[in-house]
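All ligand and atom numbering here is 1-based and tracks the order in the structure.
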Amino acid sequence: MKSTIMVNIAGPMFGLSLLLLGIGILAATKVQQQQRVNADLITREVNALLAVEELYIVVRDIRHELNLYLRTREPRSLDNIAGYIRSAKEPMELAKQLARTKTESQLISNVESGYQDFLTRFNEIVSDETHAERDQSLAELNDQFLESRIFAPIRRCIGHNRDIVERTIQAGTSTANQMRIGFLLLGITGSIAGLVFGLGIARAITRSFVQLDVSVRSVSGKLKGISPPVQISHIGDLQGLDFNIRQLEGEIGEVVERLQRRELEVLRGEQLAVVGQLAAGVAHELRNPLMPVKVLVQSAIEKGDAGALRGAELQIVNDEIQRLEKSIQAFLDFARPPVLESVRAEIQEIIRRAVDLIATHAIRKQVTLELEMPQQPVFCLVDGPQLRQVLLNLFLNSFDAMQQGGRIHVRLSEINEPWAETVSLQDALRIRNSAHTDSIEITVTDSGPGFAQDMLAHVFEPFVTTKETGTGLGLSICERIITAHGGTILARNASTGGAEFVIRIPHRI
Ligand code: ADP
């Protein structure tokens, strides 16, 4: 529930944030790449421009020295020119290397060829020609050659390089502008989307509050019959809802307390009823055998010395005393809740010992005992003597029901059915984890008349008996012992007509 709400509310928000983050990272990477390319381009073009400008300065110095020589005829100027010619080599090479476009390379190559021609011509003039011709030739070289073949291409080259640098800077500026607009749009879109989602989430939460409010109203309505109605304030108001829930909480607490008190009262009432029932049962069961004893004893008193009890009369007194003892034992068993001393025991052994104890009785009563048990020993955690007591009770009841003799069939089996309702959760888990069968089942079936239909639903209730001398406690004690084992016992009429008891005990070993 909580995770569904989180997914519903935070999911789209998270998705949108991821999308915006992705776009942002992509755009930033693109800008960085573009800037790096632009910076490289500008650096290269600026270096090329510097190289060409340096070349321009060297050539200008050469022209200056040439003019100086033509004015002063100072040979040192010619030496200086030779020095300048050497220093022009480096910027020339650099300009060639840095030339990027075809035009740039063409222009540099023009400058280079003009420069080479100038050098060749200058060297020829300086080394071969006579003084008078040399001056004339150098003047011509200065006037015509330098301007047209070197300065003009260098200026074109500088202009071209400046154009490139400017264009590159402009391209960088326009990219930056585009990015600025892009980021602005991204920011605006993100804010609008955040606003829309925020509103959506706010509406969803409000709707949840409304639903919660309605639930609170509904619970409040249900409590109305038990406690005063809860006042619900404005729907969707968080503080109001909080107040309502607190109020409802208080009401529920009060109702629960009242219910607990009532439950205790009912329990006490039930206990008193059971005690009353028990007292009535005890009085009835003790008074019945006492009656013949009292009559016999009173008549003996009345007869004086001649009225001593003997023979059949003493037998009656003895029988009634035994009946009293039996009843008192049954009451004690009933009054004492069974305390189990469970041990791992073989169930076949317990059944066999119970059967042995009533074997002679069975022969006398002409009852045949049949056992149907697995060959393999079935072990289970049980209180052996108490389980045996249960079986004995069932057998004795069957003897009572089959006055003309009959048959008692005892079957032991292992059952693989989960204990959903009868076993506590811990027990169910323990049984499951034990990797054994879920329960053991003992079925006792007799060939007697079975139960009367109206009797069937009440056989396990205390003091329910159809027998003249019965206490009605035997089956009730049996049920308590089996329940203490975490098991169940049920009574039904078998398909063959006799009574059938089915005992199931969780298979703990
Ligand atoms: P009690 O034996 O003192 O009557 P129980 O609690 O043992 O008390 O039995 C309650 C009643 O259940 C019996 O009185 C009898 O009517 C009925 N009952 C028990 N076992 C059988 C049986 N095997 N066949 C028929 N009825 C039975």
**Report entry** Atoms of ligand 1, numbered as shown, that sit under 4.0 Å from any heavy atom of L473
**Finding:** 6 (O), 8 (O)

Requested in this report: Please identify which atoms of ligand 1 are closer than 4.0 Å to at least one heavy atom of V459.
Outcome: 12 (O)

**Report entry** R258 with E254: basic N within carboxylate O range, under 4.0 Å
**Finding:** yes

Query raised in the report: Among protein heavy atoms, which sits nearest to atom 25 (C) of ligand 1, and what does the distance come to when rounded to 0.1 Å?
Result: G450 O, 3.5 Å

**Report entry** Heteroatom proximity flag, N397 to ligand 1, N/O under 3.5 Å
**Finding:** yes

Query raised in the report: So does E349 pair up with R352, basic N to acidic O under 4.0 Å?
Result: yes

Query raised in the report: Is the shortest distance from a heavy atom of S398 to ligand 1 less than 4.0 Å?
Result: yes

Query raised in the report: Can you check salt bridge (charged side-chain N to carboxylate O under 4.0 Å, His left out) on K467 and D400, steps first, answer last?
Result: CA-CA 9 Å; K467 295 172 200 168; D400 289 345; 3.0 Å; yes

Query - Minimum side-chain heavy-atom gap E414-V378 below 4.5 Å - result: yes

Report task. Could you list which atoms of ligand 1 come closer than 4.0 Å to a heavy atom of T471? Result -> 3 (O)

Query raised in the report: To which protein heavy atom is atom 2 (O) of ligand 1 closest, and what is the distance rounded to 0.1 Å?
Result: K467 NZ, 2.7 Å

Query raised in the report: Side chain of D446, backbone of A499: donor and acceptor closer than 3.5 Å?
Result: yes

Report task. Using heavy-atom distances, let me know which of G472, G498, C478 sits nearest atom 1 (P) of ligand 1. Result -> G472

Query raised in the report: Do you see a donor-acceptor pair shorter than 3.5 Å between the side chains of R44 and N47?
Result: no

Query raised in the report: If only atom types and distance count, is the side chain of E370 paired as donor or acceptor with the main-chain N or O of I408 below 3.5 Å?
Result: no

Query raised in the report: Salt bridge check: are E320 and R323 linked by an N-O gap of less than 4.0 Å?
Result: yes

Requested in this report: Look at atom 23 (N) of ligand 1 and say which protein heavy atom is nearest, naming residue and atom and giving the distance to 0.1 Å.
Outcome: D446 OD2, 2.9 Å

Report task. Using heavy-atom distances, let me know which of G474, A401, A491, G406 sits nearest atom 24 (N) of ligand 1. Result -> A401

Query raised in the report: For atom 18 (N) of ligand 1, which protein heavy atom lies nearest, and how many Å away is it?
Result: F451 CE2, 3.6 Å

Query raised in the report: Should T443 and E500 count as side-chain neighbours, where that means a heavy-atom distance under 4.5 Å?
Result: yes

Report task. Would you kindly specify which portion of V464 sits under 4.0 Å from ligand 1, judged on non-hydrogen atoms: side chain, backbone, both or neither? Result -> backbone

Query raised in the report: Looking at M455, which atoms of ligand 1 are within less than 4.0 Å of one of its heavy atoms?
Result: 11 (C), 12 (O), 16 (O)

Report task. Tell me which one of L475, I477, T466, N493 gets a heavy atom nearest to atom 16 (O) of ligand 1. Result -> T466

Query raised in the report: Nearest to atom 22 (C) of ligand 1, what protein heavy atom do you find, and at what distance?
Result: A499 CB, 3.7 Å

Report task. State yes or no: are the ring centers of F501 and F451 separated by less than 6.0 Å? Result -> yes

Query - Residue and atom name of the nearest protein heavy atom (relative to atom 4 (O) of ligand 1), distance in Å to one decimal - result: T465 OG1, 2.5 Å

Report summary line: Logged contact type for N393 with ligand 1, heavy-atom cut-off 4.0 Å, is neither

Query raised in the report: Do the side chains of I415 and I440 get nearer than 4.5 Å, heavy atoms only?
Result: no

Report summary line: G470 heavy atoms within 4.0 Å reach ligand 1 at atoms 3 (O)

